[in-house]
Asker: 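The structure under discussion is supplied below as C-alpha coordinates; questions concerning it will follow.
Source: prediction; values computed, not measured. We use all heavy atoms of the structure for the numbers below, so side chains are in, but hydrogens, waters and symmetry mates are not.
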Amino acid sequence: ALAGILDRPWRLLVAGDGAARPRVEAALAGIEERVVMLGEQNQDTLPGLYAASDIYVWPAIREAYGMAFLEAQAAGLPVVAGRTGGVPAVVGDGGFLVEPDDATAFAHATARLLDDGAQRRRMGATAAARVRAEHHITAAVHALDRCFGRICPVEPA
(Lines give C-alpha, C1' and ligand atoms only; values in the text may rest on other atoms or scores of the structure.)
Protein backbone atom coordinates (compact mmCIF):
# COMPACT_ATOMS: atom_id res chain seq x y z
CA ALA A 1 0.00 0.00 0.00
CA LEU A 2 2.72 2.47 0.95
CA ALA A 3 4.57 1.83 -2.29
CA GLY A 4 1.57 3.42 -4.02
CA ILE A 5 2.10 6.79 -2.32
CA LEU A 6 5.83 7.33 -2.79
CA ASP A 7 5.01 10.66 -4.44
CA ARG A 8 4.21 12.05 -0.98
CA PRO A 9 6.68 12.84 1.80
CA TRP A 10 6.42 10.21 4.52
CA ARG A 11 8.57 7.98 6.67
CA LEU A 12 7.37 4.80 8.38
CA LEU A 13 8.57 4.12 11.93
CA VAL A 14 8.23 0.43 12.77
CA ALA A 15 8.34 -0.34 16.48
CA GLY A 16 8.64 -3.93 17.60
CA ASP A 17 10.76 -6.99 17.13
CA GLY A 18 10.50 -10.73 17.26
CA ALA A 19 10.08 -13.81 15.15
CA ALA A 20 8.00 -12.00 12.51
CA ARG A 21 10.63 -9.33 11.83
CA PRO A 22 12.01 -11.04 8.68
CA ARG A 23 8.47 -11.22 7.25
CA VAL A 24 7.89 -7.56 8.09
CA GLU A 25 11.16 -6.57 6.42
CA ALA A 26 10.25 -8.66 3.37
CA ALA A 27 6.84 -7.00 3.17
CA LEU A 28 8.53 -3.60 3.23
CA ALA A 29 11.09 -4.51 0.55
CA GLY A 30 11.10 -1.87 -2.14
CA ILE A 31 10.32 1.00 0.24
CA GLU A 32 13.05 0.36 2.81
CA GLU A 33 14.57 3.80 2.17
CA ARG A 34 11.43 5.24 3.80
CA VAL A 35 11.34 2.76 6.70
CA VAL A 36 13.05 3.06 10.07
CA MET A 37 13.11 -0.25 11.96
CA LEU A 38 13.22 0.82 15.61
CA GLY A 39 13.24 -2.64 17.13
CA GLU A 40 11.72 -3.46 20.48
CA GLN A 41 10.51 -0.45 22.44
CA ASN A 42 9.51 -0.20 26.07
CA GLN A 43 6.46 1.59 27.43
CA ASP A 44 8.57 4.63 28.34
CA THR A 45 9.61 5.32 24.73
CA LEU A 46 6.19 4.92 23.12
CA PRO A 47 4.79 8.35 24.07
CA GLY A 48 7.74 10.01 22.34
CA LEU A 49 7.22 7.91 19.22
CA TYR A 50 3.53 8.80 19.10
CA ALA A 51 4.40 12.47 19.61
CA ALA A 52 6.86 12.31 16.69
CA SER A 53 4.19 10.83 14.42
CA ASP A 54 1.33 12.30 12.40
CA ILE A 55 -0.65 9.14 11.62
CA TYR A 56 -0.85 5.61 13.01
CA VAL A 57 -1.07 3.04 10.22
CA TRP A 58 -1.54 -0.64 10.87
CA PRO A 59 -3.46 -3.06 8.61
CA ALA A 60 -4.71 -5.04 11.65
CA ILE A 61 -4.96 -8.34 9.83
CA ARG A 62 -6.46 -10.84 12.29
CA GLU A 63 -6.33 -8.20 15.03
CA ALA A 64 -8.73 -9.04 17.85
CA TYR A 65 -8.87 -5.67 19.61
CA GLY A 66 -5.89 -3.40 19.10
CA MET A 67 -4.58 -1.78 22.28
CA ALA A 68 -1.95 0.04 20.20
CA PHE A 69 -4.76 1.81 18.34
CA LEU A 70 -6.05 3.16 21.67
CA GLU A 71 -2.56 4.29 22.66
CA ALA A 72 -2.05 6.08 19.36
CA GLN A 73 -5.46 7.70 19.44
CA ALA A 74 -4.98 8.78 23.06
CA ALA A 75 -1.88 10.61 21.79
CA GLY A 76 -4.06 12.41 19.22
CA LEU A 77 -3.14 10.37 16.16
CA PRO A 78 -5.70 9.54 13.50
CA VAL A 79 -5.60 5.89 12.43
CA VAL A 80 -5.64 4.01 9.15
CA ALA A 81 -6.50 0.39 9.83
CA GLY A 82 -8.08 -2.75 8.48
CA ARG A 83 -11.77 -3.25 9.23
CA THR A 84 -11.38 -6.54 11.08
CA GLY A 85 -12.11 -8.11 14.45
CA GLY A 86 -12.65 -5.57 17.20
CA VAL A 87 -10.74 -2.80 15.43
CA PRO A 88 -13.82 -0.87 14.22
CA ALA A 89 -15.09 -0.60 17.80
CA VAL A 90 -11.75 0.82 18.89
CA VAL A 91 -11.08 3.20 15.98
CA GLY A 92 -14.58 4.62 15.54
CA ASP A 93 -14.51 7.94 13.71
CA GLY A 94 -10.94 8.66 14.79
CA GLY A 95 -9.57 7.32 11.54
CA PHE A 96 -10.21 5.42 8.35
CA LEU A 97 -11.07 1.73 8.20
CA VAL A 98 -10.54 -0.25 5.00
CA GLU A 99 -11.02 -3.86 4.02
CA PRO A 100 -7.96 -5.79 5.22
CA ASP A 101 -6.90 -7.04 1.78
CA ASP A 102 -7.44 -3.76 -0.08
CA ALA A 103 -3.99 -2.20 -0.42
CA THR A 104 -5.33 0.47 -2.78
CA ALA A 105 -7.91 1.65 -0.24
CA PHE A 106 -5.28 1.60 2.51
CA ALA A 107 -2.96 3.75 0.38
CA HIS A 108 -5.81 6.13 -0.51
CA ALA A 109 -6.84 6.58 3.14
CA THR A 110 -3.24 7.18 4.20
CA ALA A 111 -2.74 9.68 1.36
CA ARG A 112 -5.90 11.56 2.39
CA LEU A 113 -4.47 12.09 5.87
CA LEU A 114 -1.02 13.00 4.54
CA ASP A 115 -2.53 15.53 2.14
CA ASP A 116 -5.03 17.18 4.48
CA GLY A 117 -3.47 18.50 7.67
CA ALA A 118 -6.76 19.97 8.90
CA GLN A 119 -8.55 16.65 8.56
CA ARG A 120 -5.60 14.86 10.17
CA ARG A 121 -5.73 17.18 13.19
CA ARG A 122 -9.54 17.01 13.38
CA MET A 123 -9.60 13.20 13.32
CA GLY A 124 -6.74 13.06 15.82
CA ALA A 125 -8.61 15.34 18.21
CA THR A 126 -11.78 13.26 17.77
CA ALA A 127 -9.78 10.10 18.46
CA ALA A 128 -8.22 11.51 21.62
CA ALA A 129 -11.58 12.75 22.93
CA ARG A 130 -13.20 9.38 22.25
CA VAL A 131 -10.45 7.51 24.11
CA ARG A 132 -10.81 9.86 27.08
CA ALA A 133 -14.60 9.48 27.11
CA GLU A 134 -14.94 5.76 26.41
CA HIS A 135 -11.67 4.04 27.27
CA HIS A 136 -10.26 5.98 30.20
CA ILE A 137 -10.11 4.22 33.56
CA THR A 138 -12.90 6.45 34.86
CA ALA A 139 -15.22 5.32 32.04
CA ALA A 140 -14.32 1.70 32.80
CA VAL A 141 -15.13 2.17 36.49
CA HIS A 142 -18.55 3.65 35.66
CA ALA A 143 -19.31 0.86 33.18
CA LEU A 144 -18.35 -1.81 35.71
CA ASP A 145 -20.39 -0.09 38.40
CA ARG A 146 -23.48 -0.10 36.16
CA CYS A 147 -22.92 -3.74 35.24
CA PHE A 148 -22.37 -4.92 38.80
CA GLY A 149 -25.28 -2.79 39.97
CA ARG A 150 -27.60 -4.78 37.71
CA ILE A 151 -26.12 -8.11 38.75
CA CYS A 152 -25.78 -7.44 42.47
CA PRO A 153 -28.08 -4.55 43.40
CA VAL A 154 -27.19 -2.93 46.68
CA GLU A 155 -30.11 -2.57 49.08
CA PRO A 156 -30.31 0.83 50.79
CA ALA A 157 -29.25 0.69 54.45
Side-chain angles (χ1 to χ4, degrees), residues 1-21 23-25 27-28 31-100 102-145:
L2 297 176
I5 56 171
L6 290 173
D7 59 329
R8 290 166 172 85
W10 59 264
R11 179 161 311 282
L12 179 67
L13 304 178
V14 180
D17 208 349
R21 184 175 179 139
R23 288 189 309 230
V24 171
E25 290 173 336
L28 297 172
I31 62 168
E32 58 273 352
E33 70 280 354
R34 300 274 190 107
V35 177
V36 179
M37 299 296 288
L38 299 170
E40 184 177 345
Q41 301 294 303
N42 64 45
Q43 284 298 117
D44 295 336
T45 61
L46 292 177
L49 292 176
Y50 291 133
S53 301
D54 295 312
I55 304 168
Y56 184 81
V57 296
W58 180 244
I61 297 168
R62 293 184 292 281
E63 187 84 41
Y65 183 72
M67 186 60 88
F69 291 117
L70 287 176
E71 291 174 357
Q73 288 184 304
L77 295 179
V79 167
V80 178
R83 185 182 292 112
T84 183
V87 174
V90 173
V91 173
D93 54 0
F96 292 122
L97 296 168
V98 300
E99 293 308 313
D102 191 342
T104 301
F106 196 90
H108 179 71
T110 303
R112 282 181 64 187
L113 288 175
L114 289 171
D115 294 345
D116 190 341
Q119 182 178 34
R120 190 172 59 242
R121 287 185 294 279
R122 198 169 42 253
M123 289 181 100
T126 297
R130 184 167 185 265
V131 170
R132 280 191 308 275
E134 297 178 19
H135 298 283
H136 190 271
I137 189 69
T138 305
V141 167
H142 290 299
L144 286 171
D145 185 52

Asker: Below 4.5 Å, heavy atoms only, C-beta onward: do Leu28 and Val14 meet side chain to side chain?
Answerer: yes

Asker: Grab the two heavy atoms, one from Val80 and one from Ala109, that are nearest each other, plus how far apart they are.
Answerer: CG1-CB, 3.9 Å

Asker: Measure across Pro88 and Thr84 and return the closest heavy-atom pair with its distance rounded to 0.1 Å.
Answerer: CD-O, 3.4 Å

Asker: Any side-chain to backbone donor/acceptor pair from Arg8 onto Asp115? Under 3.5 Å, distance only.
Answerer: no

Asker: Is a side-chain donor or acceptor of Arg132 paired with a backbone partner of Ala74 at a separation under 3.5 angstrom?
Answerer: no

Asker: Could you tell me which residues satisfy side-chain hydrogen bond (donor to acceptor under 3.5 Å, both in side chains) with Glu32, sequence neighbours excluded, listed by chain and number?
Answerer: none

Asker: Using the side-chain hydrogen bond (donor to acceptor under 3.5 Å, both in side chains) criterion, which residues pair with Arg112? Sequence neighbours excluded.
Answerer: none

Asker: Checking the side chain of Trp10 only, and the main-chain atoms of Thr110 only, is there a donor and an acceptor separated by less than 3.5 Å?
Answerer: no

Asker: What do you reckon, is CH2 of Trp58 surrounded by more than 12 foreign heavy atoms closer than 6.0 Å?
Answerer: no

Asker: Heavy-atom distance under 4.5 Å between the side chains of Leu113 and Met123, does that happen here?
Answerer: yes

Asker: So do Leu46 and Gln41 actually touch side chain to side chain, heavy atoms under 4.5 Å?
Answerer: yes

Asker: Would you call Val98 and His108 a side-chain contact if the rule is heavy atoms closer than 4.5 Å?
Answerer: no

Asker: Taking the side chain as everything from C-beta on, heavy atoms only, tell me whether Glu40 gets closer than 4.5 Å to Arg21.
Answerer: no

Asker: Quick check: are there more than 12 heavy atoms from other residues, nucleotides or ligands sitting under 6.0 Å from CD of Glu33?
Answerer: yes

Asker: Is there a side-chain contact between Val35 and Glu25, using heavy atoms and a 4.5 Å cut-off?
Answerer: no

Asker: Between Arg130 and Thr126, is there a donor-acceptor pair closer than 3.5 Å when you use the side chain of the first and the backbone of the second?
Answerer: no

